[in-house]
Amino acid sequence: MTKNEKVKYIDSKRLAYYDNALVWWCPSCRTVCANEEVLNDGLHEKCGNRVEKKNLKQWMLRIPLYAERLLKGIDTLDWPAGIKDMQRNWIGRSTGAEVDFEIAGLNVNLTVFTTRPDTLFGATYMVIAPEHALIDLITTSEYKNSVNNYIKATSLKSDLDRTDLAKDKTGVFTGRYAFNPVNKKQIPIWVADYVLTGYGTGAIMAVPAHDNRDFEFAQKFHLPIVCIQDPDVTDHEQKKRILSGNECWTEDGKYINSADSSTGINLNGQNKEAGIALITKWLESKNLGTSKVNYKIRDWLFSRQRYWGEPFPVIHWEDGEVTVMNDNELPLELPELENYLPGESGESPLSNSEEWLNITDKNGRKGRRETNTMPQWAGSCWYYLRFIDPKNDELIFNREKEKYWMPVDLYIGGAEHAVLHLLYSRFWHKVLFDLGIVSTDEPYQRLFNQGMILAFAYESESGSRVSGDLVEEREGKYFHKDTGTELKQITAKMSKSLKNVVNPDDVTSKYGADSLRLYEMFMGPLDVTKPWDEKGVKGVFGFLGRTFRFMSNPDNIFTGQEDAEILKSLHYTIKKVDGDIENLRFNTGISAMMIFINLATKKGRITSDTALTFTKILSPFAPHAGEELWQILGNTNSLSYEPWPDFNEEYLREDNFNYPVSFNGKMRFNIELPVSLTKDEIIKIVLADERAQKWIGAAKPSNIIVVPNRIVNIVI
RNA sequence: GCCCGGAUGGUGGAAUGGUAGACACGCAGGACUUAAAAUCCUGUGACCAUUACGGUUGUGCGGGUUCAAGUCCCGCUCCGGGUACCA
């Protein structure tokens, strides 16, 4: 091996490599970005502007090497199903086979990836991506012009156009044929941009009878369509259309037209599973193909043209060698700059600092530092590990501490990180695990997505949005201030253009931080998207006020024996809040506290023990009010060090249960009965009740269901 | 197109298959006040009654299972999110 070959080989095995790549470039941010950062409409996740493709030398991380591990690990996580699905889809595992097609007149094979090798008999043509490496070789001289023109036209299209025009397929013939390995038939090779260069081998076999895209293409360019699966339809006309290649059949069916005496293969009559197994075995035995797993996930573009970002400790030398700085030369720090903005050139602002940039080694060899910096994900990929031991200046963290704290028990964050931070950091963590640096295979055991808080916005009859400052409310209805037309209240994301942004500072100055906090928890379930409503803040503000006024008034607090009903309610509240905190159901916990305060207010007084206990359960929700009440109630220390109160089941025990009595499932009246009664006793008492007699009348109950401490249902 | 969620009063939302609408907002009426704000009390799904702690109906739509369905099953509709020539 030459030195260059060696470097190339080693680079091909590295997780990180430096290469020319067609990458996403955001002209507004003047930086490149990762696939994961491009939204589905071609906009940059960070700034919302359109991104374009650019060929640049960049750092890449081989996340696909971990695709299988990242996929398998998902099953072990206690994460929302939606996020798990999104990661699975992004990784995009599909199983199939790579099949070699011999190109006529050339001593070269064209390899395709297919998930359905069993449909080889239906492959009537092939398509390669315009960027395919063999395109020049394959194209015959007669077709050079049209193919070159097509390649040029495609390259001018932005990626967005390429997918936008998805409905109307384009393509040209290369003039070349390949042999279908199952029947040795010659099939034409086409170029079309509906085949993508980055997935599989960048070439496909087309089975137009059973694939919509291929069907559409074959119809447009009059390519043969051979049906090889017996369609399971009752409509005779439809069946005829499918069998004659005039309609696409994408469901499964028993094979037909799938045998060839020269190759000796016969799939006819088999089902899909058997067919795939048979053909794969045959392909492998003839050395024509292998089973293969493919992933959608691509290498992760890991450099940006920003000033703020970790610099790569890498030097590019004048002789072409690229070296990594020694450990004792680290950390590499960013230089002070006059101008921090990226230039037009596509190079990072670090290239402006001559002093920092240029370097000479002890042999006088000149070098240049890497000017790209790492993306923000670099920090978020391991911050949770550093948090374990942030002041350690010897090691990333102390191993014992890492063992104690990891994995993260509960991670609360937004769903927008599904295939960004949450995928990236899992990848880093697995690499660190393989290196023996961390002790767990996964970083975040339980993930919880909090819902987005929306705000009210206003919409006119025609559906156009009206800015919040142009709206006035009259008698519960909304009107346009200028035109006076009635508007519809809707909920929408907070945005500057809709002028519906709620500033937490304003809420805090008006109602206090406790109210803000409490309302956010009271609005509804944590994981649900819901609108901010200032009226709701008033509600919890009122609750805090009532609580504070009642508890801080010495006339309401006494020492002695607590009222039984209060005691029961207090212990019920402790139990409820306790469980609700554990399950992140803050809204119902707060509701329980409101019920307690309503009762206490009604009764007029509580013991100081009760007051102190209630203050403890209130304080995680309203820490300011909690702390202040704690001191008003006579303490000098801080409430934050108090242990969480226990509830006592004794106080929760009921002697009676108020049975709902139903007739045919319809609740008619309640009857309070001791919990100690047997079913028969209950039935006896209920039937004797005159209200029951009213509903039964002359009829005779055919069945009576008694569920202890729950319900009585009389079936007539 | 495909994959996930979701749909309950005027509003946000409660409800281990067992009393639908807890709690809160809003609204209505009342108390306090010269008045307002604040606070407190009462009522509040809809409909029919109002002689009654009265009846009917009701959890997006259509079916089903069950003594009993907002909850489970089947088939839809609409809304939100993700993803898409991935072979």
Side-chain angles (χ1 to χ4, degrees), chain A residues 39-40 80-90 92-94 96 112-116 119 123 127 129 162-167 169 192-196 198-207 211-214 216-217 250 294-298 415-416 418-419 449 452 454 456 475-477 489 491 519 522-525 527-540 542-543 545-546 549 585 587-595 598 601-602 658-670 691 694 701-707 709-716:
Chain A
L39 304 177
N40 58 3
I83 301 283
K84 290 171 135 186
D85 280 335
M86 280 164 72
Q87 291 210 348
R88 285 192 191 105
N89 289 337
W90 189 262
R93 183 186 206 268
S94 61
V112 302
F113 172 71
T114 174
T115 53
R116 297 296 302 274
T119 61
V127 186
R162 233 170 120 168
T163 47
D164 254 7
L165 297 173
K167 283 130 213 137
K169 293 214 169 9
D193 65 1
Y194 83 89
V195 172
L196 306 174
Y199 184 77
T201 62
I204 62 157
M205 62 177 215
V207 184
D211 179 287
N212 281 322
R213 293 155 305 173
D214 297 343
E216 200 186 314
F217 191 83
T250 55
N294 241 308
Y295 301 93
K296 276 197 246 180
I297 193 168
R298 312 290 160 82
E416 67 276 13
V419 294
N449 292 129
M452 206 185 335
L454 306 179
F456 289 124
E475 292 159 9
K477 288 180 176 172
Q489 190 184 54
T491 53
Y519 176 58
F522 184 62
M523 292 169 89
D527 56 343
V528 170
T529 297
K530 46 208 174 298
W532 181 271
D533 185 1
E534 187 173 321
K535 286 171 187 150
V537 189
K538 265 162 104 174
V540 293
F543 161 67
R546 276 194 299 281
R549 280 191 298 277
R585 295 159 47 123
N587 54 330
T588 49
I590 291 167
S591 145
M593 290 190 277
M594 287 172 167
I595 292 169
N598 290 346
T601 313
K602 199 172 238 166
N658 197 19
Y659 277 93
V661 181
S662 308
F663 294 83
N664 293 332
K666 238 179 229 313
M667 206 284 282
R668 294 302 179 181
F669 64 89
N670 287 95
R691 290 171 297 182
K694 175 185 159 188
S702 63
N703 194 5
I704 300 175
I705 314 272
V706 177
V707 183
N709 297 325
R710 203 154 287 277
I711 199 166
V712 176
N713 189 23
I714 298 169
V715 186
I716 299 165

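Here is how names work: the chains are called A, B, and so on, in the same order as the sequence lines, proteins then strands, and each is numbered from 1.
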Counting only Watson-Crick or G-U wobble pairs whose two distances fall under 3.5 Å, which nucleotide matches [N]?
N     : value
B:U71 : none
B:U44 : B:G26
B:U83 : B:G1
B:G17 : none
B:U65 : none
B:U39 : B:A31
B:C76 : B:G60

5' precedence on RNA chain B between A:N658 and A:G539 (nearest-nucleotide basis):
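Here A:N658 is the residue nearer the 5' end.
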Pairwise 5' ranking along RNA chain B for A:G665 and A:R585, keeping only the more 5' one
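This one resolves to A:R585.
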Any [X] side-chain N or O less than 4.0 Å from OP1/OP2 of [N]:
X      : N     : answer
A:N598 : B:A24 : yes
A:K538 : B:U39 : no
A:S591 : B:G13 : no
A:Y199 : B:A87 : yes

Identify whether any heavy atom of [X] sits under 4.0 Å from a base atom; if not, whether one sits that close to sugar-phosphate; answer base, sugar-phosphate or nothing.
X      : result
A:V707 : base
A:S94  : sugar-phosphate
A:K694 : sugar-phosphate
A:G82  : sugar-phosphate
A:R88  : nothing
A:P525 : sugar-phosphate
A:F522 : base

Side-chain-base donor-acceptor pair under 3.5 Å for A:D85 and B:C4:
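By the distance-only test, no, there is no pair.
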Presence of donor-acceptor pair under 3.5 Å, side chain of A:R710 and base of B:U16:
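By the distance-only test, yes, there is a pair.
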Calculate the interatomic distance between [X] atom [atom1] and [N] atom [atom2]; express it in whole Å.
X      : N     : atom1 : atom2 : result
A:M523 : B:U11 : CE    : P     : 16 Å
A:K530 : B:G6  : NZ    : C1'   : 14 Å
A:M593 : B:A22 : CE    : C1'   : 15 Å
A:N703 : B:C67 : CG    : P     : 8 Å
A:Y519 : B:C25 : OH    : P     : 11 Å
A:E534 : B:C25 : CD    : C1'   : 12 Å
A:N449 : B:C4  : CG    : C1'   : 12 Å
A:N664 : B:A69 : CG    : P     : 11 Å

Within the 4.5 Å heavy-atom criterion, are [X] and [Y] side-chain neighbours or not?
X      : Y      : result
A:K296 : A:W90  : no
A:Y519 : A:K538 : no
A:S94  : A:Y199 : yes

Can you tell me which nucleotide in [options] comes closest to the side chain of [X]?
X      : options             : result
A:I705 : B:C67, B:A87, B:C23 : B:C67
A:M594 : B:C85, B:A24, B:C67 : B:A24
A:N587 : B:G13, B:A24, B:U19 : B:G13
A:M86  : B:A68, B:C85, B:G82 : B:G82
A:K666 : B:U19, B:U57, B:A24 : B:U57
A:T588 : B:A14, B:U19, B:G18 : B:A14
A:I711 : B:G55, B:A87, B:U19 : B:U19

For the [atom1] atoms, the ones on [N] and on [M], what distance do you get once it is rounded to whole angstrom?
N     : M     : atom1 : answer
B:A7  : B:G58 : C1'   : 16 Å
B:A14 : B:G9  : P     : 14 Å
B:A37 : B:A31 : P     : 14 Å
B:G43 : B:U8  : C1'   : 22 Å
B:G60 : B:A69 : C1'   : 16 Å
B:C32 : B:G18 : P     : 46 Å
B:G6  : B:C73 : P     : 12 Å
B:U77 : B:G62 : C1'   : 10 Å

Measure the spacing between [atom1] of [X] and [atom2] of [Y] and express it to the nearest 0.5 Å.
X      : Y      : atom1 : atom2 : answer
A:N294 : A:R93  : CG    : CZ    : 10.5 Å
A:N449 : A:E416 : CG    : CD    : 8.0 Å
A:N658 : A:N709 : CG    : CG    : 11.5 Å
A:S662 : A:I711 : OG    : CD1   : 3.5 Å

Where the chi angle of B:G21 falls, syn if within 90° of 0 and anti if not:
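B:G21: anti.
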Lys NZ or Arg CZ of A:K169 over A:Y194 ring: under 6.0 Å, within 45°
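Yes - A:K169 lies over the ring of A:Y194, closer than 6.0 Å to its centre and within 45° of its axis.
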Which heavy atom of A:D214 sits nearest a heavy atom of A:V207, and at what distance?
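Closest pair (atom of A:D214, atom of A:V207, distance): OD2-N, 3.0 Å.
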